[in-house]
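Data first, discussion second: the structure below is written as structure tokens.
Keep in mind that what you see is a predicted model, and the values were worked out from it rather than measured.
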Amino acid sequence: MVSKTKSKTPSKEVAAKPPEADDGAKLQEVIESLREHASTTATVQLVYIIIRTAWLVLIPQALGAPQFVPLAMEVLAAEIVLFLLFRAGGGFGSASQERPWVLQLYSLLSVGILGKCTTDCYVYQFAPSMWRHFRPGQPWGVPTVVALRLAPLLGIQGQAIQSALRIMELSFDAFCLLAIFRGIRTGKALVQARRQQKKALQQKKKE
């Protein structure tokens with residue numbers, strides 16, 4: 001018998017991807033995920049500052065109470081400028097429209113906004129005597145002012161309303177400030193990923 005040998009050469013050649021291609025694809029996925037998270041955080045930060053300003057400035061004014069937190073309107077103005085800066089840096093556009101130095105500037109200024117809001121939150125809630133406009137014996141805080149107005153209308157004890165509003169106030173501040181902090185860390189991680197991607201491309205060109 002004559003043995004027939006089959007050719008081991010495949011009819012279609014499958015080109016294997018080099019490891020560098022897989023690493024580059026994974027890095028690009030990480031960058032896209034970081035960009036999406038950074039844009040979401042920028043929006044959350046703007047919404048938080050708007051709600052914060054309405055709560056700390058507009059509601060007390062409507063109830064005839066003084067402004068409890070100083071420079072709240074100035075913080076809002078700074079945040080709007082900061083949001084426009086993020087937009088101008090390509091934070092909401094495609095990756096090709098990014099301006100890294102603008103986004104880095106945005107991250108640095110966001111640290112200032114975060115520091116201001118965190119400090120205000122602590123002093124407002126736990127150490128109001130640190131502010132010169134604090135007057136012992138007078139109603140302090142939006143929950144207290146709102147409770148004094150709503151208690152007679154609703155027939156509910158003012159202490160219950162005040163406690164509920166204060167818990168809501170603290171929870172909202174804590175959630176949003178933590179989100180902003182994570183967003184700043186995401187921005188730093190995005191810058192590092194961009195540098196790593198740029199370094200890999202330069203090395204590939206040299207090869």
Considering all heavy atoms, the nearest Phe68-Val142 contact: CE1-N, 3.8 Å
Side chain to side chain contact (heavy atoms under 4.5 Å, CB included) assessment of Val47 paired with Ile51: CA-CA 6 Å; Val47 172; Ile51 296 176; 3.8 Å; yes
Salt bridge (charged side-chain N to carboxylate O under 4.0 Å, His left out) partners of Glu98, counting only residues at least two apart: Arg35, Arg194
Full working for side chain to side chain contact (heavy atoms under 4.5 Å, CB included) between Tyr124 and Trp140: CA-CA 9 Å; Tyr124 167 74; Trp140 177 263; 4.0 Å; yes
Within one Ile-Leu-Val-Met-Phe-Trp-Tyr cluster: Ile161 and Leu63, side-chain cutoff 4.5 Å: yes
Atom pair CG (Leu108) and CG (Leu103), whose distance is rounded to the nearest 0.5 Å: 11.0 Å
Check: Arg166 side chain, Gln125 main-chain N or O, donor-acceptor pair, under 3.5 Å: yes
Partner set under ring-ring contact (aromatic ring centres under 6.0 Å, His included) for Phe92, not counting sequence neighbours: Phe83, Phe86
Side chain Ser33, main chain Glu29, donor-acceptor under 3.5 Å: no
Pair Glu32, Gln28: side-chain N/O donor-acceptor within cut-off below 3.5 Å: yes
Considering all heavy atoms, the nearest Gly183-Thr41 contact: CA-CG2, 3.4 Å
Within residues 122-142 or reaching into it, pairs that qualify as salt bridge (charged side-chain N to carboxylate O under 4.0 Å, His left out) - sequence neighbours excluded: none
Check: Trp101 side chain, Gly89 main-chain N or O, donor-acceptor pair, under 3.5 Å: no
Residues that Tyr122 engages under ring-ring contact (aromatic ring centres under 6.0 Å, His included), provided they are two or more places apart: Phe126
Same apolar cluster: Val145 and Leu148, side chain cutoff 4.5 Å: no
Side chain proximity check, Val44 to Ile180, heavy atoms < 4.5 angstrom: no
Linked, directly or transitively: Val111 and Val75 (ILVMFWY side chains, under 4.5 Å): yes
Evaluation steps, side chain to side chain contact (heavy atoms under 4.5 Å, CB included), between Leu46 and Ile80: CA-CA 7 Å; Leu46 177 63; Ile80 293 174; 4.3 Å; yes
Where Pro152 and Ala147 come nearest, the two heavy atoms and their spacing: CD-O, 4.4 Å
Close side-chain approach of Ile31 and Leu27, heavy atoms under 4.5 Å: yes
Exam field: side chain His37 to backbone Thr186, donor-acceptor pair closer than 3.5 Å: no
Hydrophobic cluster identity match, Leu82 and Ile50, side-chain contacts under 4.5 Å: yes
Neighbour count >12 (heavy atoms, 6.0 Å) for atom CE, Met168: yes
From OG1 (Thr144) to CD (Gln159), nearest 0.5 Å: 8.5 Å
Smallest separation among heavy atoms of Leu34 and Ala193, with atom names: CD1-CB, 4.3 Å
Step-by-step side chain to side chain contact (heavy atoms under 4.5 Å, CB included) determination, Thr53 to Leu58: CA-CA 7 Å; Thr53 306; Leu58 299 183; 5.5 Å; no
Listed once per pair and sorted, the salt bridge (charged side-chain N to carboxylate O under 4.0 Å, His left out) pairs that draw on residues 168-184, sequence neighbours left out: none
From SG (Cys176) to CG (Leu114), nearest 0.5 Å: 11.5 Å
Of all pairs that satisfy salt bridge (charged side-chain N to carboxylate O under 4.0 Å, His left out), the ones with a partner from residues 41-60, not counting sequence neighbours: Arg52-Asp120
same_hphob_cluster(Ile59, Val69) at 4.5 Å side-chain heavy-atom cutoff: yes
Donor on one side chain, acceptor on other, Gln45 and Glu79, under 3.5 Å: yes
Phe172 CZ: over 12 foreign heavy atoms closer than 6.0 Å: yes
Side chain proximity check, Ser110 to Phe181, heavy atoms < 4.5 angstrom: no
Within 6.0 Å of CD in Glu36, more than 12 heavy atoms from elsewhere: no
Nearest heavy-atom neighbours spanning Gln67 and Leu56: CG-O, 4.1 Å
Closest heavy-atom pair and its distance - Gly91, Ser39: O-CB, 3.8 Å
